[in-house]
Chemist: 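Here's a structure for you.
Order of the sequence lines sets the chain letters (A, B, ...), proteins ahead of strands, with each chain counted from 1. Just so it is clear, the values below take in all heavy atoms, side chains as well, and ignore hydrogens, waters and symmetry mates. Worth saying up front: this structure is predicted, and the values here are computed from it rather than measured.
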There are 2 protein chains.
Amino acid sequence: MTTAQNDRVDRYKARCLTQERNLFGRLQAAALASRTQAKRLLKSKGDLSITEWRVLWDLAEAGPLTVTEMASIQRTDHALISRTIPAMIEKGYVATKTGTTDRRTSLVALTAAGRSVFEGTSVIMSQRRAALSTAFSEADLDVFLGLIDRFEQFVEDPKSLSPATEGTA
Amino acid sequence: MTTAQNDRVDRYKARCLTQERNLFGRLQAAALASRTQAKRLLKSKGDLSITEWRVLWDLAEAGPLTVTEMASIQRTDHALISRTIPAMIEKGYVATKTGTTDRRTSLVALTAAGRSVFEGTSVIMSQRRAALSTAFSEADLDVFLGLIDRFEQFVEDPKSLSPATEGTA
DNA sequence: TTATTTTACGTGACAAGTCACATAATCTTT
DNA sequence: AAAGATTATGTGACTTGTCACGTAAAATAA
């Protein structure tokens, strides 16, 4: 290996080191790894997608629910849920009816088949949550969630990157 | 509002409360909010996608780099980068050549135009990182990264959800 | 030296996610 | 009561990401 190649590899390694402290990148990667784990666990028990699993879980815990309510609970966009519901209806897992007090809403409820699929899948997902609870104490979790709260405030607060800030930079 | 409706709303609210302490969901939402912020900032300075920005940034800091090296630095899959490179070549931002020591590799380097686009965009992205540094001290960051390390170990460690665990449950 | 295994990267299919938009329904203002 | 503004949901287009696969090249084993 030549000196130029050594330089190139050194730069690569240095770059990797600096990115280990890049909170944006690290959070992204951790969240995606988490998602991959969930997909793998769901796959081991059937063919539910993550969105389908979330819908079933929310409905099992608190249904019937509107699309917007589920989106809010899951901190996701209503579009994703809206797009998932028809196939779940087709599979017989959920049924919808127009809201009586607000005819814009679509009230989604579990069917018996949906309840059954939920129960067949919930064991592994409960185990996942229980395993996480052994890895992180309640105090750890408080710290973690507090840091996440602060991070979310940062990314959603326009003031942190306002013209005034630019003026002083 | 009837009693049944009250019950339904109460269940929804209770469900929201429990999900506030769901670390999986919270981490996911925070990472996605961060990504959205990045996209918004990039959009304010041009039309770079997140993947394009990441490629430019890595190359500016440590280029030339292979697809696998960039994927490793960014903690992403090589497929995403491979798919992005041709358009960036078309735009004149990067150029590639086959590696001399390993002809399987594709060495990607910034062009002068790419350097220029990088520099036009890097100010706002640097400001973003600086703003994050004012929101989180080095000590905060150490704690946060440590918790993320532990979370990543959890989601990647098969032992936490092994048959032995299932046997004892 | 040959055979086998592993690796780099390009490609395709699909899921998860964002944003814009449209339509209908509801709410607020005039 | 009518007009204007806001909201719920469905849809489409696009990005970001995963996984599987194929091919060529490199590494390892026989």
Chemist: Determine whether Gln74(B) and Leu80(B) satisfy the following criterion, side-chain contact (heavy atoms from CB on, under 4.5 Å), listing intermediate values before the conclusion.
Modeler: CA-CA 11 Å; Gln74(B) 297 170 23; Leu80(B) 195 52; over 6 Å; no
Chemist: Can you tell me how far C1' of dC9(C) sits from CE of Met88(B), to the nearest Å?
Modeler: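 To the nearest whole Å, that distance equals 17 Å.
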Chemist: Taking the side chain of Thr66(B) as heavy atoms from C-beta outward, which of dG10(D), dC9(C), dC19(D) is closest to it?
Modeler: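 Closest nucleotide to the Thr66(B) side chain: dC9(C).
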Chemist: With sugar-phosphate meaning primed atoms plus P, OP1 and OP2, does Ile50(A) contact a base, only sugar-phosphate, or nothing at under 4.0 Å between heavy atoms?
Modeler: sugar-phosphate
Chemist: Does Thr111(B) use its side chain to pair, donor to acceptor, with the backbone of Tyr93(B) at less than 3.5 Å?
Modeler: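 Indeed, once roles are kept as given, a pair shorter than 3.5 Å links the two residues.
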Chemist: Using whole Å, what does the distance between atom P of nucleotide dT9(D) and atom CD of Gln74(A) come to?
Modeler: 13 Å
Chemist: Base, sugar-phosphate, or nothing for Arg75(A), non-hydrogen atoms under 4.0 angstrom?
Modeler: nothing
Chemist: Would you kindly give the NZ-to-P distance between Lys43(A) and dA16(C), to the nearest whole Å?
Modeler: 12 Å
Chemist: Classify the side chain of Arg103(B) versus the base of dT23(D) as yes if they form a donor-acceptor pair under 3.5 Å and no if they do not.
Modeler: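 Counting by modelled atom types and ignoring angles, no donor-acceptor contact under 3.5 Å is found here.
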Chemist: Of Glu69(B) and Lys39(A), whose nearest nucleotide on DNA chain C comes first from the 5' end?
Modeler: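 First, find each residue's nearest nucleotide; the 5'-ward one identifies Glu69(B).
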Chemist: It should be established whether Arg83(B) places a side-chain nitrogen or oxygen under 4.0 Å from OP1 or OP2 of nucleotide dC19(D).
Modeler: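 So the side chain of Arg83(B) is outside the cut-off, no N or O lying under 4.0 Å from OP1 or OP2 of dC19(D).
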Chemist: So, is Ser106(B) near the phosphate of dG10(C), with a side-chain N or O under 4.0 Å from OP1 or OP2?
Modeler: yes
Chemist: Using modelled atom types only, decide if a donor and an acceptor are shared between the side chain of Ser44(B) and the backbone of Leu41(B) within a distance under 3.5 Å.
Modeler: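 Present.
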Chemist: For Thr76(A) and dA16(C), is the shortest distance between a side-chain N/O and OP1 or OP2 below 4.0 Å?
Modeler: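 No, no such contact exists.
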Chemist: Distance-only, no hydrogens or angles: does the Ser34(A) side chain make a donor-acceptor pair with backbone N or O of Phe24(B) under 3.5 Å?
Modeler: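 Between the backbone of Phe24(B) and the side chain of Ser34(A) there is no qualifying donor-acceptor contact (under 3.5 Å).
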Chemist: For Leu32(A) and for Thr96(A), locate the closest nucleotide of DNA chain D by heavy-atom distance; then report the residue assigned to the nucleotide nearer the 5' terminus.
Modeler: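 Result of the comparison: Thr96(A).
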Chemist: Which nucleotide, dA16(C), dG17(D), dA26(D), lies nearest any side-chain atom of Asp102(B)?
Modeler: dA26(D)
Chemist: Could you please name the option among dG17(C), dA15(C), dT11(C) that lies closest to any side-chain atom of Ala79(B)?
Modeler: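 Closest nucleotide to the Ala79(B) side chain: dT11(C).
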Chemist: When you measure from the side-chain N and O atoms of Ser82(A) to the phosphate of dT9(D), is any distance below 4.0 Å, counting only OP1 and OP2?
Modeler: no
Chemist: Thr105(B) side chain N/O closer than 4.0 Å to the phosphate oxygens (OP1, OP2) of dA25(D)?
Modeler: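 It does not, given that no N or O in the side chain of Thr105(B) lies less than 4.0 Å from OP1 or OP2 of dA25(D).
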Chemist: May I ask you to verify whether the side chain of Arg35(A) and the base of dG17(C) hold a donor-acceptor pair under 3.5 Å?
Modeler: no
Chemist: From CG of Leu80(A) over to P of dA15(C), roughly how many Å is that when rounded to an integer?
Modeler: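 These atoms are roughly 11 Å apart.
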Chemist: Could you state the atom-to-atom distance from CD of Gln37(A) to P of dA16(C) in whole Å?
Modeler: 16 Å
Chemist: Which nucleotide sits closest to the side chain of Thr51(A): dT18(D), dA16(C), dC19(C)?
Modeler: dA16(C)
Chemist: To the side chain of His78(A), which of dG10(D), dC19(D), dC9(C) is closest?
Modeler: dG10(D)
Chemist: Without decimals, in angstroms, what is the distance between Met70(B) CE and dG10(C) P?
Modeler: 9 Å
Chemist: Let me know the distance between CD1 of Ile81(A) and P of dT11(D), rounded to the nearest Å.
Modeler: 15 Å
Chemist: Applying side-chain contact (heavy atoms from CB on, under 4.5 Å), run through Leu48(B) and Arg54(B) and close with a yes or a no.
Modeler: CA-CA 9 Å; Leu48(B) 288 180; Arg54(B) 286 181 185 149; over 6 Å; no
Chemist: Picking from dT26(C), dC9(C), dG17(C), which would you name as closest to the side chain of Arg104(A)?
Modeler: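 My answer, after comparing the listed nucleotides, is dT26(C).
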Chemist: Using modelled atom types only, decide if a donor and an acceptor are shared between the side chain of Arg11(B) and the backbone of Glu61(A) within a distance under 3.5 Å.
Modeler: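 Such a contact is absent between Arg11(B) side chain and Glu61(A) backbone.
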Chemist: It should be established whether Gln28(A) places a side-chain nitrogen or oxygen under 4.0 Å from OP1 or OP2 of nucleotide dG17(D).
Modeler: yes
Chemist: dC9(C) C1' sits how many Å from Leu107(B) CG, rounded?
Modeler: 13 Å
